[in-house]
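Sequence lines set the chain letters: A, B, ... in the order given, protein chains first and strands last, and positions in each chain run from 1. Excluded from the calculations below are hydrogen atoms, water molecules and symmetry mates; all remaining heavy atoms, backbone and side chain alike, are included. This structure is a prediction, so every number in the text was calculated from the model and none was measured.
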Amino acid sequence: MTSLLDGLNPEQLAAVTLPGQSALILAGAGSGKTRVLTTRIAWLIQTGQVSPLGILAVTFTNKAAKEMLTRLTAMLPINTRGMWVGTFHGLSNRLLRTHHREAGLPQLFQILDTADQLSAVKRLLKSLNVDTEKFEPKKVQYFISGNKEAGLRPQQIEVFDPYTRRLVEFYAAYDEQCNREGVVDFPELLLRSYELLARNDVLRAHYQERFRHILVDEFQDTNRLQYRWLKQFAGAQSVLMAVGDDDQSIYAFRGAHTGNMNEFQRDYAGDNVIKLEQNYRSHGNILDAANALITQNQSRLGKNLWTAEGSGEPIRVFEAYSDQEEAGFIVEEVKALQREGTALVDMALLYRSNAQSRVLEHALFSAGVPYRVYGGLRFFERQEVKHALAYLRLLANPDDDGAFSRVVNFPTRGIGARTLEQLADAAQAGGTSLWQAARAKADASKDSAKGLPGFVALMLAMQEGTQGLPLPEVIEHMLHASGLAAHYLAEKEGADRLENLNELINAATVFANDPEAMAELDEVGGPLASFLAHAALEAGDHQAGAGTDALQLMTVHAAKGLEFHAVFLGGLEEGLFPHEQSMNEQDGIEEERRLMYVAITRARRRLYLSHAQSRMLHGQTRYGIVSRFIGELPPALLKLVNTRRNAAAPAGYDSYVAPASSVRSNTSPWRIGMNVRHAKFGVGVVVNVEGQGDDMRVQINFGGANGMKWLALEYAKLEPA
DNA sequence: TCGTTAACATTTTTT
DNA sequence: ATGTTAACGA
């Protein structure tokens, strides 16, 4: 009989079977972290140390939670229903639905995503007549969310200046608005849950008694509030296991607090720290490079990856003249690897920022290489889907002013800014929601066919018409009754949007038939509310093309947790990677270096690093020098593979150790402001110069009929005039 | 109310 | 270069 424990290395085994004590697991990249986590849960259950209901397992992404459940059901013949395995937000949602009264929330509270939250802030600032030049909505939103994530309510924030005082007032008013409307933003889900347990001794005791084993994934990414949230669930006999890798902490910019790892040691684990350092993913050279790089960071707990496999191939470095040449090189290599039998899905093009994908996409498209770009707009974030969801939200909770504002005049039904302003005033005066105010107004009005009364009639009819219908039919009814379907049908470019709306019905059908998903949320508010929560908490994979063999394009951030046979990392230039914005930030370079570490450790067998001397950025050519990170890798592991020139690498590859002088001075004879003569266009003045050497081109104003011209110096015959 | 234009900003991202 | 949003005029 095979055991769960078969095939684990000694450290993994120690982590999986650790008896009754809390521990911190430092799990390096590719060290079998997820396996340890799921095997431990399975082992605890199988050996009868805990019932499935006694487990609390928390992840960051829905994907990770799903993966954990899938692996768990493969290992154990148990029903995962009712088990608390999920994301911080998903579990908070469950807690708050169950105890909505104690938490001071309506049962059907709606969840605001980041965009909804921003429009709520805008609406608030408008109602307070705030000058949005002085207080940008984005900044106010950032302030509110930031403080919530630090666990702070308005009255707990220390104020030293009038500006902050104002922000705190907005925060308080914003909370009031949300309470009035029955909506909850992302950080509020956590803060509300935390406060609920912190204040309610009975509830806290209940959950602490229940959860004997608490496990957290990606612990290095937790923020302060998440850690405090966890601590509320941990009772005297709870055993905690936090799994993380400080070297892969790349989300400090959004509030992740690596200090949590030290605090966790102090609070729970003590010396109980297990390091998983054996890597099952990459060949030796790749790991040596990663180790050498990350050693340069000062603040780390310390860890060194090793592998039982051989060194493998050297890391290939390509130095391009331009981003275009870089892209061309990558495409050629990809095609060569494909010819040798590597599937495209097993190769990835990684970059620091999304803007870099454009050139790559262009080159791939021209070469006919299928590719798939990750990131970008997700399904539930699309405009048409948001409109549809807003109608549904309004059906579930008419007092949701955000949803009301979004659709009251969409599709347009002749309700202008004037009307809405009056409505907002009336609502504010009467202390009611927009919907209530609109109803009052409609009742007083004679003509109920159009305008605001028309909208009120529409919603009332919709409420009635959807009564008792199954979820997909509710949506279908809404799409037609609201006029959304007709609107996008009439629109020139509306076909895609219509398709997405149909896809929404599909999603609802799938959701309504998925016992797991329904079981999770159905008990707490009905299918519509469950579906809306699902839409808010799980933005939806931008699927399409799954299953086909396509090259993978994504940012380094998005690649975390993934692995590929071959990885191409482009744009290794100072200012781009490390990003220039990071240089001003506290510990910015160290986070960039961790990011580089993540990128390197994605590769199983082959790793390409490339950089370009010139690159189009924001419509201008920028000249960059090679990233310091290449210089931080042991030269012996690198191989320069430029084929077009420098067929052989320069001795010792020293130029990378001291990246000094790639910046060229502008030696061109053509300068801005200079008068020049052209054979055909006559005399003009140089207004702009771009590029280097043969690539150089100048913009000249010839005036009159010829006007502005861009001329390539390689071809245009110019002389000073 | 709607369509056009000017201004603007532009690292990374999940929930 | 490019996409998005705010302001403006028909």
| said: I'd like to know whether A:H557 forms a ring-ring contact (aromatic ring centres under 6.0 Å, His included) with A:Y251, so could you lay out the CA-CA distance, the side-chain angles of the two residues, the decisive distance to 0.1 Å, and finally the verdict. | reply: CA-CA 9 Å; A:H557 282 91; A:Y251 286 112; 5.4 Å; yes
| said: Assuming nearest nucleotide by heavy-atom distance, tell me which of A:H579 and A:F88 is located more 5' along DNA chain B. | reply: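 Nearest nucleotide further toward 5': that of A:H579.
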| message | Quick check on DNA chain B: between A:E591 and A:N409, whose nearest nucleotide comes earlier from the 5' end? | response | A:N409
Could you tell me whether [X] contacts a base, only the sugar-phosphate backbone, or nothing, with contacts defined as non-hydrogen atoms closer than 4.0 Å?
{"X": "A:S92", "result": "nothing"}
{"X": "A:L350", "result": "nothing"}
{"X": "A:F60", "result": "sugar-phosphate"}

| said: Would A:R97 and A:F109 count as a cation-pi pair here, with the cationic atom under 6.0 angstrom from the ring centre and within 45° of the axis? | reply: yes
| request: Heavy atoms under 4.0 Å is the rule here; annotate nucleotides 4-10 of chain C 5' to 3' with B where the base is hit, S where only the sugar-phosphate is, and - elsewhere. | output: --S----
| field | Pairing residues for A:R622 by the salt bridge (charged side-chain N to carboxylate O under 4.0 Å, His left out) criterion, not counting sequence neighbours | value | A:E580
| field | Residues which pass side chain to side chain donor-acceptor pair (under 3.5 Å) with A:R593, listed by chain and number, not counting sequence neighbours | value | A:N297, A:E632
| Partners meeting side chain to side chain donor-acceptor pair (under 3.5 Å) with A:E574 (sequence neighbours left out) | A:R628
| task | Tell me, please, the opening and closing nucleotides of DNA chain B, 5' to 3', among those with an atom under 4.0 angstrom from a non-hydrogen atom of chain A. | result |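 The contact span of chain A on DNA chain B goes from B:dT1 to B:dT15.
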| request: Would you please indicate yes or no on a ring centroid separation below 6.0 angstrom for A:Y227 and A:H257? | output: no
| query | Looking at residues 352-365 of chain A, who's got a heavy atom less than 4.0 Å off DNA chain B? | reply | A:R352, A:S353, A:N354
Are the charged groups of [X] and [Y] less than 4.0 angstrom apart, N to O?
{"X": "A:D185", "Y": "A:K148", "answer": "yes"}
{"X": "A:K560", "Y": "A:D221", "answer": "yes"}
{"X": "A:K33", "Y": "A:D217", "answer": "yes"}

| Does the side chain of A:L360 come within less than 4.5 Å of A:F568's, by heavy atoms? | no
| said: Do A:I111 and A:N93 have side chains that approach each other closer than 4.5 Å (heavy atoms only, starting at C-beta)? | reply: yes
